[in-house]
Structures are given as structure tokens and as C-alpha cells.
Amino acid sequence: QLQLVESGGGLVQPGGSLRLSCAPSKDTLNLYSIAWFRQAPGKEREGVACTDSSGGIRNYAGSVKGRFTISRDYAANTVNLQMNSLTPEDTAVYYCAAIWNPGSPFCTILPSYDYWGQGTQVTVSS
């Protein structure tokens, strides 16, 4: 059973940046498609960004395109989400998710993933 651990959340001022990381309890994330989701209070979970197992495919929600970047750190075996130009609307609990998908150039920001982390809180406020 793959377990995922998110880190890097916190409080940041509007316009600031944060970098989230997703690390597995075992196995290599290179065999999985990975996505980041977020859920704000009273709202449904929203897909933010995803990458395929090779890292060559990346998809983003329109609300974060141009501000967020998903990337793989192969040495650290993590998938990171760099978030820039943050606004209060980005405040949410952020989750990483994984699905076994080696060699397939595909990922989705729909919540069709098998493994989920516990989430990390991101709060954007002055």
C-alpha cells in the first residue's frame, strides 16, 4: 500500500510563494502518475495539476495555469508543486494523489487516483 506524505504548507501573504512536496512511504514515484488537489472549506475537491510517470506530461487547472508548476525531483523521489502569485482564493488543504501508471503518457486532474495523502494546509492571508 503506497502512502503519500505532503509537506511545505503554511501561511503566506498574497502575492507570495510556497513549494509543496509529495513523498512516498515506499516505491518510486516514477511508476505513478501524480496529481495535486485542493479543497477549500465548503467547496468540492478540485484538481490543480498532474504529471505522468515520466514527468513529460503536465496538466493544470485554468485557475492556476501560469502560476503553479508541478515537477519531479528524481533524486529526492518527490513530486513538487511550486505555487507563485498566491491569492486568498488559493487557501485550501492541498493533497497529492497517485495512480500506478508506468510508461503511459497521460495524467488527469479528475479525482480518479488510488492513493491519497493526508493533506497540508495552505493559507493565503495578509
Engineer: Mind listing the closest non-hydrogen atom pair of N101 and S104 along with its distance?
Structural biologist: OD1-CB, 3.1 Å

Engineer: Just by modelled atom types, is the L11 backbone N or O under 3.5 Å from a matching donor or acceptor in the T123 side chain?
Structural biologist: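 A pair under 3.5 Å: no.
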
Engineer: With rounding to the nearest 0.5 angstrom, report the CD1 to SG distance, I109 to C50.
Structural biologist: 6.5 Å

Engineer: Can you confirm whether I70 sits close enough to Y60 that some side-chain heavy atom of one is under 4.5 Å from a side-chain heavy atom of the other?
Structural biologist: yes

Engineer: Where is the tightest heavy-atom contact between L2 and P24, given as atom of each residue plus distance?
Structural biologist: CD1-CB, 3.7 Å

Engineer: Could you pull out the closest heavy-atom pair between D52 and G56, with the gap in Å?
Structural biologist: OD1-N, 3.0 Å

Engineer: Look at atom CD of Q118 and say whether more than 12 heavy atoms of other residues, nucleotides or ligands are closer to it than 6.0 Å.
Structural biologist: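 Open: at most 12 neighbouring heavy atoms sit under 6.0 Å from CD of Q118.
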
Engineer: Restricting to non-hydrogen atoms, name the atom on T78 and the atom on A23 that form the minimum distance, rounded to 0.1 Å.
Structural biologist: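 Scanning both residues, the minimum pair turns out to be CG2-CB, 4.0 Å.
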
Engineer: Do you know the tightest heavy-atom contact between T51 and C107?
Structural biologist: N-SG, 3.5 Å

Engineer: Could you give all pairs that pass the salt bridge (charged side-chain N to carboxylate O under 4.0 Å, His left out) test and reach residues 2-14, with sequence neighbours left out?
Structural biologist: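 Output for this query is empty, none listed.
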
Engineer: Which pairs with one or both residues in residues 78-92 pass salt bridge (charged side-chain N to carboxylate O under 4.0 Å, His left out), sequence neighbours excluded?
Structural biologist: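 Non-adjacent pairs meeting salt bridge (charged side-chain N to carboxylate O under 4.0 Å, His left out): R38-D90, R67-D90.
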
Engineer: What's the verdict on side chain to side chain contact (heavy atoms under 4.5 Å, CB included) for N30 and S53, showing C-alpha distance, side-chain angles and the deciding distance?
Structural biologist: CA-CA 5 Å; N30 297 353; S53 57; 5.9 Å; no

Engineer: Which residue is it: V64, T91, L18? I am looking for the one with a side-chain contact (heavy atoms from CB on, under 4.5 Å) to L86.
Structural biologist: L18

Engineer: Pairs in or reaching into residues 56-65: which pass salt bridge (charged side-chain N to carboxylate O under 4.0 Å, His left out), with residues at least two apart or in two chains?
Structural biologist: none

Engineer: C96 and V79: side chain to side chain contact (heavy atoms under 4.5 Å, CB included), yes or no, with the steps?
Structural biologist: CA-CA 9 Å; C96 69; V79 175; over 6 Å; no

Engineer: CD1/I34 to CG/L4 distance, rounded to the nearest 0.5 angstrom?
Structural biologist: 6.0 Å

Engineer: Between L20 and V122, is there a side-chain heavy-atom distance shorter than 4.5 Å?
Structural biologist: yes

Engineer: Take T69 and L81, measure what side chain to side chain contact (heavy atoms under 4.5 Å, CB included) needs, and give me the verdict at the end.
Structural biologist: CA-CA 6 Å; T69 302; L81 185 69; over 6 Å; no

Engineer: Return yes when atom CD of Q39 has more than 12 non-hydrogen atoms of other residues, nucleotides or ligands closer than 6.0 Å, and no otherwise.
Structural biologist: yes

Engineer: Shortest non-hydrogen contact from R72 to L29?
Structural biologist: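 Taking every non-hydrogen atom into account, NH1-O, 2.9 Å.
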
Engineer: Ring pair (Phe, Tyr, Trp, His ring centres under 6.0 Å): which pairs involve residues 4-52, sequence neighbours left out?
Structural biologist: Y32-W100, F37-Y113, F37-W116

Engineer: For residues 9-25, pull every pair meeting side-chain hydrogen bond (donor to acceptor under 3.5 Å, both in side chains), keeping only residues two or more places apart or in separate chains.
Structural biologist: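 Of all non-adjacent pairs touching residues 9-25, those that pass side-chain hydrogen bond (donor to acceptor under 3.5 Å, both in side chains) are S17-N84, S21-N80.
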
Engineer: Check which hydrophobic residues are tied to F106 through side-chain heavy-atom contacts below 4.5 Å, counting indirect links as well, and list them.
Structural biologist: none

Engineer: Just so I know, are the side chains of Y94 and M83 near enough to count as touching, which here means a heavy-atom distance under 4.5 Å?
Structural biologist: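 In contact.
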
